[in-house]
Amino acid sequence: MDKPKVVLGVSGGIAAYKACELLRRLTESGHDVRVLPTANALRFVGAPTWAALSGHPVETEVFEDVHEVPHVRIGQQADLLVIAPATADLLAKAAHGRADDLLTNTLLTVRAPVVFAPAMHTEMWEHPATRENVATLRRRGAVVIEPASGRLTGADTGKGRLPDPAEIFEVCRRVLARGTGALTPDLAGRHVVISAGGTREPLDPVRYLGNRSSGKQGYALARTAVARGARVTLVAANTALPDPAGAEVVPVGTARELQDAVVKAAIGADVVVMAAAVADFRPAHEVRSKIKKRDGVEPEPVALVRNPDILAQVAARHPARPPVVVGFAAETDDVLAGGRAKLARKGCDLLVVNQVGDGRAFGTEENEAVILEVGGPETPVPYGPKEALADRVWDAVARRLTTA
Ligand code: CTP
């Protein structure tokens, strides 16, 4: 079988050096990659580097090898075009259909999915001109990955960093897996809020009540949603996983912090998915200093109080309710009956039920579940990667969004 053909466009920003790592990951995982740097990109990383890492000659101008009409050939043959880093200037040219070099010409001939990974200073990213250009590209079906926050070139920090190349690679892999020719990702223009991980309820300054959720399923949902074009807010409770490229990550600790973050993010959102394991109870009193053992004295019992039910709150019928609300249910016994009862009780539209215990689900890479739907089918998802389950959840969500 032919290797999938990826075109890697590189525009002129300092993050161009990080695209070498993306290129290496793409080639090592069996993709045939053509690199199209802009003239300014070559001021940061030279043509020999791109040629050596891709195994192909590197062209920048339409006037090289004119007899082969390279911008048409490369564009038509591509299964994916990814531009990393995408500068403000490149986004502007793409949004306006300008074509003054080989990369921008190819952008007009390509019919495969296009992924932009912008990187620039915060002010440039937030400028209304850039905002409008990004909105235009997303409306047309391109996946524009939100930049990461952190240290920028020089001493300043803020939003605008190129996400980790490993995470951009994950987005590319998923966009490719969804099939070529998919011009419009089905979550384009949607804002989805996902909670992940497990809350911790402090007992004293060193101890907490927690649970065994790793956050992997929620992160898989975030990654797949980015690849399907969504804007993603990921509320992450006590996870130790790399930030998915393009997702805005809001770290939280306790159930009440998670509640604040989810309820705030849910305003105006299209979808809320509660994949986090939320503690139902918290210690009634948080002791300010460490609880000490004392010889001959029995320990005090820990009094617990109920935490808010965040899923039920978000799913309650009110004018600002997000159109689709999804819950997860981890059950140890009587999985389906318990799931059906929970779907009705929580008021959500979809409930993903899985069996836990005996080493199943927690911390593993794989999962098995049944997706229950109000007024819809029950969809069993066989044992497999958490990403595959995530994609089946988005299939069901996308279907409901189009009929909502
Ligand atoms: N959930 C929530 N707030 C809580 C508890 C749970 O939002 N205080 C959400 C979870 O994120 C999940 C769903 O509710 O999406 C089901 O969680 P689960 O722990 O299975 O449900 P419980 O309400 O705790 O039900 P039970 O105690 O009967 O198992």
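Order of appearance sets the numbers: ligands from 1, and atoms from 1 within every ligand.
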Distance filter under 4.0 Å to [X] heavy atoms, resulting ligand 1 atoms:
X	result
Ala276	10 (C), 11 (O)
Arg345	25 (O), 28 (O)
Leu311	2 (C), 7 (O), 9 (C), 13 (C), 14 (O), 15 (O)
Asp309	2 (C), 3 (N), 4 (C), 7 (O), 8 (N)
Ala329	20 (O)
Asp280	4 (C), 5 (C), 8 (N), 24 (O), 27 (O)

When you compare ligand 1 with [X], is there at least one nitrogen or oxygen pair between them that comes in under 3.5 angstrom?
X	answer
Gly327	no
Ile310	yes
Met274	yes
Ser195	no
Lys346	yes

- Item | Criterion side chain to side chain contact (heavy atoms under 4.5 Å, CB included) against Leu36, the qualifying member of Thr60, Ile74, Leu8 |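 The passing option is Ile74.
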- Name all pairs fulfilling the salt bridge (Lys or Arg N to Asp or Glu O under 4.0 Å) condition that reach into residues 290-311, sequence neighbours left out, sorted by first residue then second.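 Those involving residues 290-311 are Asp309-Lys346.
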[X]/[Y] ion pair, N-O < 4.0 Å:
X	Y	value
Asp391	Arg228	yes
Lys3	Asp79	no
Lys159	Glu126	no
Glu59	Arg34	yes
Glu368	Arg392	no

- Task: Report, as yes or no, whether the 6.0 Å neighbourhood of atom NE2 on His285 holds more than 12 heavy atoms from other residues, nucleotides or ligands.
- Result: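 At most 12 heavy atoms, drawn from other residues, nucleotides or ligands, come within 6.0 Å of this atom.
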- Query: Is the number of heavy atoms from other residues, nucleotides or ligands under 6.0 Å of Phe44 CZ greater than 12?
  - Reply: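 Buried by this count: over 12 neighbours within 6.0 Å.
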- Query: Just heavy atoms, cut-off under 4.0 Å: does Ala330 contact ligand 1 by side chain, backbone, both, or neither?
  - Reply: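 It is the backbone that touches ligand 1; the side chain stays farther off.
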- Any side-chain heavy atom of Thr122 sitting closer than 4.5 Å to one from Asp156?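 The answer is no; the side chains never approach within 4.5 Å.
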Below 4.0 Å from ligand 1: does a non-hydrogen atom of [X] turn up there or not?
X	value
Lys342	yes
Pro308	yes
Gln313	no
Gln259	no

- Specify the protein heavy atom at minimum distance from atom 17 (O) of ligand 1: its residue, its atom name, and the distance to 0.1 Å.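 Nearest neighbour among protein heavy atoms for atom 17 (O) of ligand 1, to 0.1 Å: Phe328 O, 3.5 Å.
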- Query: Is the charged tip of Arg399 near the ring of Trp394: under 6.0 Å from the six-membered ring centre and within 45° of its axis?
  - Reply: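 Arg399 over Trp394 ring: no.
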